[in-house]
Amino acid sequence: MRKVGADTAAADSSAPEPGGGGPHPGDHHTSVVERGAFAVALCSCGWKGPARRARDRARRDAGEHTGG
């Protein structure tokens, strides 16, 4: 799999908490990966978008998932 997109969340939101708690459970970190001829949006919460032939549509799915 080749990663096509970048995290849609701010980079500092994934930084570990001072107490070692890690990212907040409600944070959504999305990426778009290629699977053969298709692109799929994935999220750290376990959500997975539908396979799309258009990468920009997969990125839009990720944005809609995160509310952005």
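None of these values were measured; they are calculated from a predicted model.
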- side chain to side chain contact (heavy atoms under 4.5 Å, CB included) involving Arg60 - partner list, sequence neighbours excluded: Asp56, Arg57, Glu64
- Message: Quick check for you: to the nearest 0.5 Å, what is the distance between Phe38 atom CZ and Arg53 atom CZ?
- Response: 4.0 Å
- Query: From Asp61 CG over to Leu42 CG, what is the distance, rounded to the nearest 0.5 angstrom?
  - Reply: 11.0 Å
- Task: Enumerate the residue pairs fulfilling salt bridge (charged side-chain N to carboxylate O under 4.0 Å, His left out) with a member in residues 40-51, sequence neighbours excluded, ordered by first and then second residue.
- Result: none
- Message: Tell me the closest heavy-atom pair linking Ala41 and Ala62, and the distance in Å.
- Response: CB-CB, 3.9 Å
- Task: Output every pair passing ring pair (Phe, Tyr, Trp, His ring centres under 6.0 Å) with a member in residues 47-68, not counting sequence neighbours, ordered by first then second residue.
- Result: His28-His65, Trp47-His65
- Task: Grab the two heavy atoms, one from Gly49 and one from Val40, that are nearest each other, plus how far apart they are.
- Result: O-CG1, 3.5 Å
